[in-house]
Amino acid sequence: MQKLLLLGDEAIAQAAIDAGISGIYAYPGTPSTEITEYVQKSKEAKEKGIRSSWSANEKTAMESALGMSYAGKRSMVCMKHVGLNVAADGFINSAITGANGGIIVVAADDPSMHSSQNEQDSRFYGKFALVPILEPSNQQEAYDMVHYGFDISEKYKIPVMLRITTRLAHSRAGVIPKEKREQNKLKLPNNLTQFVLLPAIARRQYKDLLNNQNNFTKESEESGNNKYFEGKDKKLGIIACGLAYNYLMENFPERKLPCPLLKISQYPLPRKLVEKICNECEEILVLEDGYPLVEELIKGFLSKGLRIKGRLDGTIQRDGELNPNIVAKALGHKETKGKDIPSLVAPRPPSLCAGCPHIDSYLDLNKVLEQFTKGRVFADIGCYTLGALPPYNSINSTVDMGASITMAKGAADAGLVPSVAVIGDSTFTHSGITGLLDAVNDKSPITVFILDNATTAMTGGQQSAATGKIEDICRGIGVEEEHIHILNPLKKHHEENIKIIQQELDYKGVSVIIPRRECIQTIGKKKK
Ligand SMILES: Cc1ncc(C[n+]2csc(CCOP(=O)(O)OP(=O)(O)O)c2C)c(N)n1
Ligand code: SF4
């Protein structure tokens, strides 16, 4: 087979196509976006009829993928780590329903928060759901593990988590593809109550899930994804998980370690292998990108007074992603220092593009809010989050997708009137609609700005599920017609815009203002 040069994300996507998926479901989010985009652009995927358009959010994506699995076909669902919070209800319960066709849940974590609000570690979710977790250390493994993941998903009728991190998702390496598989035929579950989680059924299926844990551990011990490398010097044993294995190896150009090494790429932890290294060595160093999951587990299940070094005892900093230098320091090696960054490369804080429609929306809003005390604008996640920075200083919160409307509502309930929510069009259909419904039902005095730039700009300009539907949705859930306004966010409309905003801030009920102008980046792309 011809070697392909692929990003980690692309390796996963190509593997999914080759392994015979019938559909991929996702909502964009760095660093997972390129998986779905690759399938969307793939001629082969098109010819095979693989469905791949964007879902409204991660929960709808997760559940749609589960529905495809119910129908006997293979599906993949992809999200960034915080997306798993949104999909968590479906994800955790999918471990109880189990799968029919193979299903892989890709969770792309972002340690060091390159592009995220936190650096939560999805392995905890996988462990919480009691499903097998695969954690590749390079692009080839990412490719191979998709095939293996579908195998065990169908063998044990269980969703499988594939956990990756930013550096793996966004770096390229050669990947040798495997033989292509046919898609599954439509086939309903043998037991038609499998997906009916009434308590009596759920209790039985939960027992099955618990009984399968030993099988999952056996797989972890025997699949070859976890490897034990012998070493003579037993003073230290190293456990390196996922990508951390690569960082470790960069410190040993000959690829030979003096001490025992356990490479972990599959969970539940391979108990026998962990016991072996802990019994052989005087101290253990745990290298893992993300939270100290393995370190905590080992401390818990071995408690033999063995010294376990890692993030918990301060050998490695508690936060931020790993890199070869941090690993070198933990090993007691001399740190290698790269070249200094030339002064020409000045740090460039993120900012809204010149000509961005959000700029005019904030200038209009700022003008009207001058008469009030500060601290009353609840915003959301998207390009418009940059309105928190100078020169706009327009917003006072950014928490999670959809939280603008609900936080504005809570603050208004507490007496902060006017309270303003600022949310993007894509974020509105992702998680804003239900919050707006709460506000309508309570007649909360809030003014909601839905910034409609006709795209999901922050993640690269993907199609927005909201396009052409926002007013209808607002009307449909009960916002009064006379309190829905479309503005044209341009300097020349400033005066008329601020009049409308003023009028709606004075109204003691729910109003929706929709500044509508396309993102200049997507306009530019279309012109090209
Ligand atoms: C739960 C979750 N899913 C995905 C993301 C990634 N993400 C951040 S902002 C955003 C969409 C923003 O689109 P929109 O609301 O239309 O605003 P725009 O960037 O276009 O201004 C996405 C997908 C996230 N932060 N959290
Ligand atoms: S990408 Fe579009 S929405 Fe984002 S800052 Fe630039 S113009 Fe504004």
Side-chain angles (χ1 to χ4, degrees), residues 25-37 54-62 77-91 106-110 113-120 122 125 166 349-363 379-389 392 394-395 398-405 421-433 448-467 469-470 489-490 514-526:
Y25 296 87
Y27 180 74
T30 311
S32 68
T33 313
E34 291 84 352
I35 305 173
T36 308
E37 284 182 336
W54 294 107
S55 302
N57 67 31
E58 294 84 355
K59 181 174 189 289
T60 63
M62 175 72 225
V77 49
C78 310
M79 60 201 76
K80 71 185 277 140
H81 57 339
V82 287
L84 195 49
N85 298 333
V86 178
D89 204 4
F91 173 64
V106 182
D109 291 357
D110 189 18
M113 303 178 227
H114 296 286
S115 200
S116 309
Q117 320 90 293
N118 72 32
E119 56 176 36
Q120 67 187 61
S122 297
Y125 264 118
T166 308
S351 62
L352 293 165
C353 307
C356 171
H358 299 336
I359 294 177
D360 291 282
S361 298
Y362 280 133
L363 294 179
D380 231 293
I381 307 186
C383 282
Y384 50 93
T385 309
L386 297 171
L389 304 175
Y392 316 105
S394 299
I395 64 168
T398 297
V399 179
D400 62 66
M401 301 274 288
S404 56
I405 300 179
V422 177
I423 188 167
D425 54 327
S426 176
T427 306
F428 176 63
T429 43
H430 177 286
S431 292
I433 299 173
V448 178
F449 279 71
I450 305 176
L451 307 185
D452 183 9
N453 56 0
T455 188
T456 314
M458 193 177 209
T459 44
Q462 293 80 15
Q463 157 229 338
S464 162
T467 302
K469 302 187 177 76
I470 299 175
L490 275 174
I514 309 168
R516 174 168 290 148
R517 177 154 71 80
E518 188 173 346
C519 160
I520 56 161
Q521 295 296 341
T522 53
I523 294 178
K525 270 189 211 161
K526 281 180 198 161

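Ligands are counted one by one from 1 in listed order, and the atoms in each one are counted from 1 as well.
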- Query: Are any of the N/O atoms in Asn453 less than 3.5 Å from those in ligand 1?
  - Reply: yes
- Task: Give yes or no for whether the N/O distance cutoff of 3.5 Å, strictly under, is met between Val86 and ligand 1.
- Result: no
- Counting only protein N/O/S atoms, those under 2.8 Å from atom 4 (Fe) of ligand 2 total 1
- heavy-atom search around atom 16 (O) of ligand 1 in the protein gives Asp425 OD1, 2.7 Å
- Message: Using a plain distance cutoff, I'd like to know if Lys80 has any nitrogen or oxygen under 3.5 Å from a nitrogen or oxygen of ligand 1.
- Response: no
- Would you please name every residue forming a salt bridge (Lys or Arg N to Asp or Glu O under 4.0 Å) with Asp400, sequence neighbours left out? none
- At what distance is the nearest protein heavy atom to atom 25 (N) of ligand 1, and which residue and atom is it? Ile381 CG2, 3.7 Å
- Message: Distance under 4.0 Å to a non-hydrogen atom of Ile520: what atoms of ligand 2 satisfy this?
- Response: 7 (S)
- Any side-chain heavy atom of Val86 sitting closer than 4.5 Å to one from Met401? no
- Please name all residues satisfying side-chain hydrogen bond (donor to acceptor under 3.5 Å, both in side chains) with Thr522, sequence neighbours left out, ordered by chain then number. Glu518
- Message: Phe449: which residues meet the ring-ring contact (aromatic ring centres under 6.0 Å, His included) condition with it, sequence neighbours left out?
- Response: none
- Can you tell me which residue and heavy atom of the protein come closest to atom 11 (C) of ligand 1, and the distance to 0.1 Å? Thr456 CG2, 3.4 Å
- Message: Against ligand 1, does Pro28 come closer than 4.0 Å with any heavy atom?
- Response: yes
- Any N/O pair Glu58/ligand 1 closer than 3.5 Å: yes
